[in-house]
Amino acid sequence: LMNSLIYFNSRDQLIRLNVGSIVFFEADGNYTNIITTNKHKTCITKNLSYTEHALATQLENASSLFMRIGKRFVVNMKYIYLIDIQKQQLLLSDYNNFMFKIPISKEALKKVKELIIKIKI
């Protein structure tokens, strides 16, 4: 599943990504930033809802690797390293090459924590 490929097609670009290299998606108005394990940021001309739909339709079972958190983020749950509800931060890391801190509301983080405990990702 982590080796599956996903495609994002826009008028001017075709982006092909290995699913395992995607750390998170971040909404930016009508655009979505895709942040990968090599710390590269790619912007696509699609909104986050479109991105979620692309994950669901192209990846089927693998789409469950990704979780929408709040309005701004879709994260690869395999990279969740630390949920800090007090500091309203989610840390994403591969324990080796990168560590991203993303700001998330306390309510959204509580839901993430409960889900992870429940399904033991």
Side-chain angles (χ1 to χ4, degrees):
L1 293 175
M2 291 288 272
N3 291 328
S4 303
L5 292 172
I6 187 165
Y7 298 83
F8 294 99
N9 189 13
S10 68
R11 197 186 73 203
D12 300 322
Q13 292 181 318
L14 173 67
I15 299 165
R16 187 185 75 141
L17 290 167
N18 182 310
V19 172
S21 72
I22 300 168
V23 183
F24 66 96
F25 299 90
E26 180 181 17
D28 185 5
N30 289 328
Y31 300 92
T32 299
N33 294 314
I34 306 170
I35 290 62
T36 53
T37 53
N38 63 359
K39 302 176 189 161
H40 185 74
K41 180 166 126 179
T42 305
C43 183
I44 59 171
T45 57
K46 304 285 185 184
N47 65 23
L48 202 56
S49 296
Y50 170 89
T51 306
E52 278 187 297
H53 179 72
L55 288 167
T57 54
Q58 292 186 49
L59 301 180
E60 296 168 13
N61 297 345
S63 67
S64 63
L65 286 169
F66 293 91
M67 174 194 275
R68 176 84 179 243
I69 303 178
K71 290 186 174 83
R72 282 183 52 206
F73 298 100
V74 172
V75 304
N76 186 332
M77 293 191 289
K78 294 285 182 209
Y79 295 122
I80 293 176
Y81 168 71
L82 176 70
I83 298 168
D84 192 327
I85 294 169
Q86 275 313 110
K87 290 184 181 171
Q88 298 186 342
Q89 282 183 343
L90 180 68
L91 269 59
L92 302 170
S93 179
D94 67 349
Y95 310 99
N96 203 358
N97 301 307
F98 66 83
M99 173 85 72
F100 294 105
K101 287 181 188 175
I102 55 177
I104 304 215
S105 74
K106 287 183 180 181
E107 292 72 37
L109 287 176
K110 285 177 186 169
K111 287 181 191 164
V112 174
K113 185 179 171 203
E114 286 166 16
L115 183 72
I116 289 174
I117 289 167
K118 191 163 77 180
I119 63 177
K120 293 185 178 63
I121 304 161

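Note that the structure is predicted; figures quoted are calculated from it, not measured.
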Interatomic distance, [X] atom [atom1] to [Y] atom [atom2] [nearest 0.5 angstrom]:
{"X": "Asp84", "Y": "Gln86", "atom1": "CG", "atom2": "CD", "answer": "7.5 Å"}
{"X": "Ile80", "Y": "Leu90", "atom1": "CD1", "atom2": "CG", "answer": "5.5 Å"}
{"X": "Met67", "Y": "Leu55", "atom1": "CE", "atom2": "CG", "answer": "13.5 Å"}
{"X": "Leu5", "Y": "Leu17", "atom1": "CG", "atom2": "CG", "answer": "8.5 Å"}

Under a 4.5 Å side-chain heavy-atom rule over Ile, Leu, Val, Met, Phe, Trp and Tyr, are [X] and [Y] clustered together?
{"X": "Tyr81", "Y": "Phe73", "answer": "no"}
{"X": "Leu115", "Y": "Leu109", "answer": "yes"}
{"X": "Phe98", "Y": "Leu82", "answer": "no"}

Steps toward side-chain contact (heavy atoms from CB on, under 4.5 Å) verdict (Val75, Ile102)
CA-CA 10 Å; Val75 304; Ile102 55 177; 3.8 Å; yes
Could you check whether any side-chain heavy atom of Ile69 comes within less than 4.5 Å of a side-chain heavy atom of Val74, counting everything from C-beta outward?
no
A side-chain contact here means heavy atoms from C-beta on lying under 4.5 Å apart; do Phe66 and Ile22 qualify?
yes
Can you run down the side chain to side chain donor-acceptor pair (under 3.5 Å) pairs that involve residues 91-112, sequence neighbours left out, and say none if there aren't any?
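The answer is Asp94-Asn97.
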Which residues satisfy the side chain to side chain contact (heavy atoms under 4.5 Å, CB included) test with Ile117, sequence neighbours excluded?
Lys113
What closest approach, in Å, do Gln58 and Tyr7 show between heavy atoms, and which atom pair accounts for it?
NE2-O, 2.7 Å
Could you walk me through whether Tyr79 and Phe100 pass side-chain contact (heavy atoms from CB on, under 4.5 Å), step by step?
CA-CA 10 Å; Tyr79 295 122; Phe100 294 105; over 6 Å; no
Distance-only donor-acceptor hits, side chain of residues 23-32, under 3.5 Å, sequence neighbours excluded:
{"unit_1": "Glu26", "atom_1": "OE2", "unit_2": "Arg72", "atom_2": "NH2", "d": "2.4"}
{"unit_1": "Thr32", "atom_1": "OG1", "unit_2": "Lys46", "atom_2": "O", "d": "2.7"}
{"unit_1": "Thr32", "atom_1": "OG1", "unit_2": "Asn47", "atom_2": "O", "d": "3.4"}
{"unit_1": "Thr32", "atom_1": "OG1", "unit_2": "Leu48", "atom_2": "N", "d": "3.3"}
{"unit_1": "Thr32", "atom_1": "OG1", "unit_2": "Thr51", "atom_2": "OG1", "d": "3.4"}

Take Ile34 and Phe8 through the side-chain contact (heavy atoms from CB on, under 4.5 Å) test and state the conclusion after the steps.
CA-CA 11 Å; Ile34 306 170; Phe8 294 99; 3.9 Å; yes
Hey, is the main chain of Gly70 close enough, under 3.5 Å, to the side chain of Arg68 for a donor-acceptor pair?
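Yes.
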Can you check whether Ile44's main-chain N or O pairs, donor with acceptor, with Gln13's side chain at less than 3.5 Å?
no
Decide yes or no on side-chain contact (heavy atoms from CB on, under 4.5 Å) for Leu65 and Leu59, but give the supporting numbers first.
CA-CA 10 Å; Leu65 286 169; Leu59 301 180; over 6 Å; no
